[in-house]
Amino acid sequence: MLLPLLSILVAAPRVLLAQVPQVAPVALQRLAGAGSQRVAHQSLAGSSNGGEIASHREPSAVVADIQPTRPAQPAPPATPVAPWWAPFASAAIPGAGQFTLKQQRSVAYLVAETFLVLQYLAARRDGNSERNAYRALAADVARKPFGGARPVGSWDYYENLEKFLESGAFDRVPGGAVDPETDPSTYNGARWLLARETFWRNPAVAPAVGSSEYQRALAFYQRSAVTDEYRWSWFDATLEQDVYVQTIRSANRSYQRAVNMLGVVAVNHLASLIDAYVSVRIRRFGGAGVGGFALTHVETGYQPAPGDPQRGQWQAALRFAPTPRR
């Protein structure tokens, strides 16, 4: 019974091997038919859709083509050019350097310069007008009794008219040698007293006329005393003298204000120069410093006086900070 069973087991693989050549061609034919149908279907679809087969075959290329592009970022604004001559332009005309550096505060410097120059011109105009007024008052009142051409005197001359009621005579006895004025209440008398106190051993005792003491004192008197063409007297005109004093003091204040405005104009020029210098240094070299300190801030401003904006002060401030150690 075992022999028939063994013969069956040996014969079974032979039967299977004999059928493999018959099954394999059939399977290959089926696979080939399915592939040809798929290719034909894709060919029909490609002809109808304008050649999209290539796009289906290369999906990665399609994805690369439809990637969204990022919008271009705007370029940061370029830093304005910093010409080396900008500080010199500000020194000549405040705000000119800032204008070349495209800084808005150039307007502030220019407005300040215009305001200060106008204030200076107004003060000078007021001073000149008041000066002409007190000169005319002196000529028409104090100097009129003595006639003559009445030429314009120096500044000190008009200051002396304020201090002395009369000038006194230059030569008390016309003709011959000069005889100085002896009344010390007059201007010429005060000059002769000073000469005697300076050159004489005893101001009350006159030395010989030909002595060196007397001649030195006389030379000093002739250099400093008022001659007859400049002689004045406020006698019986004290009211006019008071007006004269007030006018000359007002003129002095106007001229002083003009000097102050001129000084502030110079400060405005200096502040604009330093401001432009710092800006150029920062843009070209990254900063400005002196002696271990960095200049970090420049500030200018006008500080009006209480109740009178025209008499204020123009101020400039520089701020320094220690340079950090590396």
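- Residues Val209 and Trp200 fall within the same hydrophobic cluster, defined by Ile, Leu, Val, Met, Phe, Trp and Tyr side chains chained together at heavy-atom separations under 4.5 Å.
- Remark: side-chain polar atoms of Trp232 are not paired, donor with acceptor, to backbone N or O of Asn160 under 3.5 angstrom.
- Formation of a donor-acceptor pair under 3.5 Å by the Arg105 side chain with backbone atoms of Asp275 is not found in this model.
- Residue pairs meeting the salt bridge (charged side-chain N to carboxylate O under 4.0 Å, His left out) criterion with at least one partner in residues 224-246, sequence neighbours excluded, are absent.
- In this structure, Asp179 contributes its side chain and Arg172 its backbone to no donor-acceptor pair below 3.5 Å.
- The main-chain N or O of Gln103 is found under 3.5 Å from a side-chain atom of Ser106 such that the two form a donor-acceptor pair.
- Judged by distance alone, the side chain of Asp183 and the main-chain N or O of Gly189 form no donor-acceptor pair under 3.5 Å.
- Of the possible donor and acceptor atoms, one in the side chain of Tyr244 sits under 3.5 Å from a partner among the backbone N and O of Tyr158.
- Sorted by first and then second residue, the salt bridge (charged side-chain N to carboxylate O under 4.0 Å, His left out) pairs with a member in residues 118-132 read Asp126-Arg257; sequence neighbours excluded.
- Judged by distance alone, with hydrogens and angles left aside, the side-chain atoms of Tyr255 form a donor-acceptor pair with the main-chain N or O of Gly127 at under 3.5 Å.
- For residues 193-216, the set of pairs meeting the salt bridge (charged side-chain N to carboxylate O under 4.0 Å, His left out) definition, not counting sequence neighbours, comprises Arg201-Glu213.
- The closest donor-acceptor contact from the side chain of Trp234 to the backbone of Val141 lies at 3.5 Å or more, if one exists at all.
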